[in-house]
Amino acid sequence: MTRLMAALVIALAALRPSPSEAHRIARSVGPPPDGIAIPSLTHGQMAAIAENLPGIRALAGARIGFDMTAWRLEDYLSLQSFACLWGLVPGSITDESSPFNECAHAYLAAARALLLQLRETPGVDHKAVEALIGKIEGEMIVNGASFTLCRYSDEPFNTNEIVFPHWGEIPSHAPTAGFAVAALAVIGAVAWSAWPRRSVRREPERPDP
């Protein structure tokens, strides 16, 4: 039990950010190149984009031609979704109060921007792109997605800034805190199973004279 607790403390210390850490961090030191502005999306639109994210990635990955804007948007989508733990934390997309909701807004806004950019990218199946755009727009209309707003709905993003979760809000958000405890428990269990153990060697008993 002592070793398990030690592993959990180490994992928690490794994940704890510094007090001065900002939620938005520039990707480079010094004057960066002009980033691509990414319009935000409403809280309701997030679910439709998230549902079709595999299709967007598949269309972007299948392109033959090269388009710098599409490449930068795809690169940002990968980095931003990684920073947001790929939306795996419960409530990241659906719960406005989630510490991961802002960063989820960022990568899903990037996904929508990428899909729209694929309309103009050479070497892409444009019929498939238009079909996916039509599917997403239809889902948004049915769900009234444009009318479901939250505090991040009017927040723009930029490919030069990575948006991280609000780490300090995790303890006060029950679903995220529960997920963090479960994740640390798994890390602790793995560390416990991998911890080297000393084997006690017993000396052979000597026969009585």
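Every heavy atom of this structure was used, including side-chain atoms; hydrogens, water molecules and symmetry mates were not.
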How long is the straight-line distance from [atom2] of [Y] back to [atom1] of [X], given to the nearest 0.5 Å?
| X | Y | atom1 | atom2 | result |
| --- | --- | --- | --- | --- |
| Arg57 | Leu77 | CZ | CG | 4.0 Å |
| Leu115 | Ile49 | CG | CD1 | 7.0 Å |
| Lys135 | Asn52 | NZ | CG | 3.5 Å |
| Glu137 | Glu139 | CD | CD | 11.0 Å |
| Glu51 | Met46 | CD | CE | 13.5 Å |
| Asn160 | Tyr76 | CG | OH | 9.5 Å |

Any non-hydrogen side-chain atom of [X] less than 4.5 Å from a side-chain atom of [Y]?
| X | Y | answer |
| --- | --- | --- |
| Glu120 | Thr69 | no |
| Asn101 | Ile93 | no |
| His105 | Ser92 | no |
| Glu155 | Val163 | no |
| Arg112 | Ile56 | no |
| Trp167 | Phe100 | yes |
| Pro156 | Ile38 | no |
| Leu73 | Ile36 | yes |

Item to check | Derivation and outcome, side-chain contact (heavy atoms from CB on, under 4.5 Å), residues Ser40 and Phe157 | outcome: CA-CA 7 Å; Ser40 187; Phe157 303 98; 3.8 Å; yes
Next on the checklist: Checking Ile136 against Ile133 for the side-chain contact (heavy atoms from CB on, under 4.5 Å) test, could you report, in this order, the C-alpha distance in whole Å, the side-chain angles of both residues, the deciding distance, and whether it holds?
Outcome noted: CA-CA 5 Å; Ile136 293 174; Ile133 291 174; 5.9 Å; no
Checklist entry - Do Phe82 and Tyr107 pass the side-chain contact (heavy atoms from CB on, under 4.5 Å) test, and can you show the C-alpha distance, the side-chain angles, and the key distance before you say yes or no? => result CA-CA 9 Å; Phe82 171 76; Tyr107 82 80; over 6 Å; no
Next on the checklist: Quick check on side chain to side chain contact (heavy atoms under 4.5 Å, CB included): which of Asp67, Val129, Asp125 does Leu118 satisfy it with?
Outcome noted: Val129
Checklist entry - Is it the case that His166 and Glu102 place a side-chain donor and acceptor less than 3.5 Å from each other? => result yes
Item to check | Under 3.5 Å donor-acceptor, Ser81 side chain and Ser78 backbone | outcome: yes
Next on the checklist: If you count every heavy atom of other residues, nucleotides or ligands that lies below 6.0 Å from Glu130 atom CD, does the total exceed 12?
Outcome noted: yes
Checklist entry - Would Leu116 and Leu53 show up in the same hydrophobic cluster when neighbours are defined by side-chain heavy atoms closer than 4.5 Å? => result yes
Next on the checklist: Can you tell whether the side chains of Arg63 and Glu74 come within less than 4.0 Å, N to carboxylate O?
Outcome noted: yes
Item to check | Worked check of side-chain contact (heavy atoms from CB on, under 4.5 Å) between Gln117 and Val124 | outcome: CA-CA 11 Å; Gln117 180 63 29; Val124 175; over 6 Å; no
Next on the checklist: Please give the remaining members of the hydrophobic cluster of Ile64, linking ILVMFWY side chains under 4.5 Å, ordered by chain and number.
Outcome noted: none
